[in-house]
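Taking it in order: structure first as structure tokens, then the write-up.
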Amino acid sequence: RREDAVVFASGGSIDTVGTKRFSTDDQLTWQVSNRNKLAFNFRADPLTQTNQGISAVSPVPTTETFQTGGPTYTLTWTAPYSPSLLVDTTVAYQDTTVQFSPTEVGVPSNCLDARFAGSYLHGYQCFDTRTGETSGSSPRNWDDQRQRLTVKSDATYYKGRLWGANHQFKTGITVENERYFRSLEQRPTYLRSSDFGVGSPRYITITASLDPDSEQRAVGTTWGIYGEDVIRPISNLSITVGLRIEQENLAAPGFVPLDPQADSDRYVAGAAGLTPSQRNGLLQNSFPAFEDRQGAKDAVSAQIPGPNFQWGSFNGQQSVWTRYRQPDDITIQNTNLSPRLSIGWDPWNDGKTKFSMSLGRYYDKIF
């Protein structure tokens, strides 16, 4: 447990950023038989940080509490079937969470004067450009979960002399399934400008989400098979040749990708020689509009009650457009070949000096 002091210049007041971490790594092994051993491992490292974002212009009520961490369970089976064959198999599961939440809930902002007493704006976080200060509770609750299941098995075979050299073969397979889920509640925020006159606000800028309560997900599966041969033509020279074949498959909800350049090119080509009214008709069918104008307006009105919202000129123009974004799952599939080559040489064969070189192609995953 740790508290880091933050000293503010005004009045010399002090607050702290708190950190609480717990870490454990425990293992239990079982020698099932002379040739079979099981090992179970449990790891956890939860972390909590308080007053994130605190500063001289962002007091404690505006900050967030951050929490992360989660358990990892691993089961390993080691099986030396013979002096020449060793098999290692691992199954692991990881479940990690990430959370952001307001340090204090329901703290009103202080950007507005008494004339706005009881206004819904007091319930939203505010940044006051006159003073540079932030007030009010944090505007978000973020809760996500990141899960991973891994299954991996390796087999090592010590062949000995073959084709004029000693060989050690290794082959294996690995499969990983990853899942991501996120729940987000995003409340409006507003910005208070400089005063136009004494005690009267010049303007207020409000930012609101069209989807204040949103859910997101993404899933992916990656598998790979690999093999290698460690060749020792002489005792002080080893050559390793290997190849890995892997495939990654991802899926998440989304939309058909937009292609603004292609839309623009088609419009420019089709508008040549048309009258202004004909070009307006072509415009309606050339570019995609937001698919739920009324829903967007209703969502903003629910979060910002009172004002009589009107369509802006561009949004009003889109009311007669006929093309819309189309929902479509995001699906990505990558198949990769990863070769490996390495050489190790002990010139005096005494274990004191070694020259080595390795060459390989590696692919990482999309997170």
Side-chain angles (χ1 to χ4, degrees), residues 96 98 100 139-149 175-189 207-224 244-274 278-303 309 311-338 361-367:
T96 300
V98 174
F100 296 91
R140 69 172 177 173
N141 287 84
W142 173 304
D143 187 358
D144 75 38
Q145 195 166 20
R146 309 160 188 220
Q147 301 169 336
R148 175 185 294 160
L149 174 65
V175 180
E176 281 195 345
N177 178 257
E178 294 180 301
R179 294 172 296 278
Y180 175 82
F181 307 96
R182 189 202 69 188
S183 174
L184 174 63
E185 179 187 356
Q186 184 73 41
R187 294 171 291 278
T189 60
T207 301
S209 173
L210 298 186
D211 193 3
D213 297 292
S214 64
E215 303 285 339
Q216 295 292 334
R217 67 172 179 84
V219 296
T221 300
T222 303
W223 62 263
R244 176 186 172 95
I245 304 172
E246 59 189 23
Q247 187 177 92
E248 179 181 35
N249 300 276
L250 303 179
F255 290 89
V256 175
L258 301 178
D259 192 345
Q261 187 62 54
D263 293 341
S264 179
D265 292 343
R266 283 194 296 269
Y267 173 76
V268 172
L274 298 182
Q278 291 173 326
R279 286 198 296 271
N280 285 335
L282 179 63
L283 182 67
Q284 298 172 13
N285 303 308
S286 297
F287 300 97
F290 182 65
E291 64 275 6
D292 189 10
R293 296 169 63 254
Q294 189 59 48
K297 186 177 179 181
D298 293 342
V300 174
S301 298
Q303 299 171 80
F309 289 98
W311 295 118
S313 59
F314 181 66
N315 207 324
Q317 185 187 69
Q318 290 192 42
S319 62
V320 295
W321 288 17
T322 58
R323 286 185 57 197
Y324 303 98
R325 297 190 307 171
Q326 298 299 315
D328 185 42
D329 284 344
I330 299 170
T331 55
I332 300 174
Q333 184 180 86
N334 298 317
T335 302
N336 306 313
L337 293 178
S338 306
R361 178 140 194 189
Y362 298 86
Y363 294 85
D364 207 349
K365 294 184 296 184
I366 299 174
F367 291 91

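Small disclaimer: the values here were computed from a predicted structure and weren't measured.
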Practice task
Go through the steps to decide whether R293 and S319 satisfy the test side-chain contact (heavy atoms from CB on, under 4.5 Å), and finish with yes or no.
Solution key: CA-CA 8 Å; R293 296 169 63 254; S319 62; 3.6 Å; yes
Exercise for the section: Find the distance between NZ (K365) and CG (N334) and round it off to the nearest 0.5 Å. Expected result: 13.0 Å
Handout entry: Closest approach of W223 to V175 (non-hydrogen atoms, all atoms of both residues)
Key = CB-CG2, 4.1 Å
Practice task
Could you label the plane-to-plane angle of the W321 and F314 rings as parallel, tilted or perpendicular, counting under 30° as parallel and over 60° as perpendicular?
Solution key: perpendicular
Practice task
Tell me, with the steps shown, if F181 and Q147 meet side-chain contact (heavy atoms from CB on, under 4.5 Å).
Solution key: CA-CA 9 Å; F181 307 96; Q147 301 169 336; 3.9 Å; yes
Practice task
Compare all side-chain heavy atoms of Q317 with those of L283 and state whether any distance is below 4.5 angstrom.
Solution key: yes
Problem - Atom pair CD (E176) and CZ (R148), whose distance is rounded to the nearest 0.5 Å - result: 5.0 Å
Fill in the blank from the handout: Separation between CD (Q261) and CZ (R266), nearest 0.5 Å, reads 10.5 Å
Fill in the blank from the handout: For P139 and P188 the tightest heavy-atom approach is CB-O, 4.3 Å
Practice task
Examine distances only and state if a side-chain atom of R323 and a backbone atom of S286 form a donor-acceptor pair shorter than 3.5 Å.
Solution key: yes
Practice task
Measure the OH-CG distance between Y267 and D263 for me, rounded to the nearest 0.5 Å.
Solution key: 12.5 Å
Exercise for the section: Starting from the C-alpha separation in whole Å, work towards a yes-or-no answer on side-chain contact (heavy atoms from CB on, under 4.5 Å) for Y363 and T222. Expected result: CA-CA 12 Å; Y363 294 85; T222 303; over 6 Å; no
Exercise for the section: Could you tell me whether a side-chain N or O of T322 sits under 3.5 Å from a main-chain N or O of Q284, the two making a donor and an acceptor? Expected result: yes
Problem - Gap separating the CG atom of D143 from the OG atom of S183, nearest 0.5 angstrom - result: 6.5 Å
Exercise for the section: Side-chain contact test, heavy atoms from C-beta onward, threshold under 4.5 Å: evaluate it for N141 versus R187 and give yes or no. Expected result: yes
Exercise for the section: Would you mind reporting whether W311 and Q318 have side-chain heavy atoms less than 4.5 Å apart? Expected result: no
Practice task
Starting at CG of D364, measure out to CD of E248 and round the result to the nearest 0.5 Å.
Solution key: 8.5 Å
Practice task
Answer yes if the side chains of N249 and T221 hold a donor-acceptor pair under 3.5 Å, and no otherwise.
Solution key: no
Handout entry: L184/Q216 under side-chain contact (heavy atoms from CB on, under 4.5 Å): CA gap, chis, key distance, verdict
Key = CA-CA 8 Å; L184 174 63; Q216 295 292 334; over 6 Å; no
Exercise for the section: Indicate yes or no for a side-chain donor-acceptor contact from R279 to the backbone of L274 under 3.5 Å, with no hydrogens or angles considered. Expected result: yes
Completion exercise
Heavy-atom closest pair (E291 atom, Y324 atom, distance to 0.1 Å) is CA-CD2, 3.6 Å
Handout entry: Considering all heavy atoms, the nearest N285-G281 contact
Key = ND2-O, 3.3 Å
Completion exercise
Exactly one candidate in R244, E246, R361 meets side-chain contact (heavy atoms from CB on, under 4.5 Å) with N336; the answer is E246
Problem - Backbone N/O of S301 and side chain of Q303: donor-acceptor pair under 3.5 Å - result: no
Practice task
Please state whether the rings of F100 and W142 are parallel, tilted or perpendicular, taking 30° and 60° as the class boundaries.
Solution key: perpendicular
Problem - Shortest non-hydrogen separation from L258 to P288 and the atoms involved - result: CD2-CG, 3.9 Å
Completion exercise
All heavy atoms of G270 vs all of L282, minimum pair found to be C-CD2, 3.5 Å
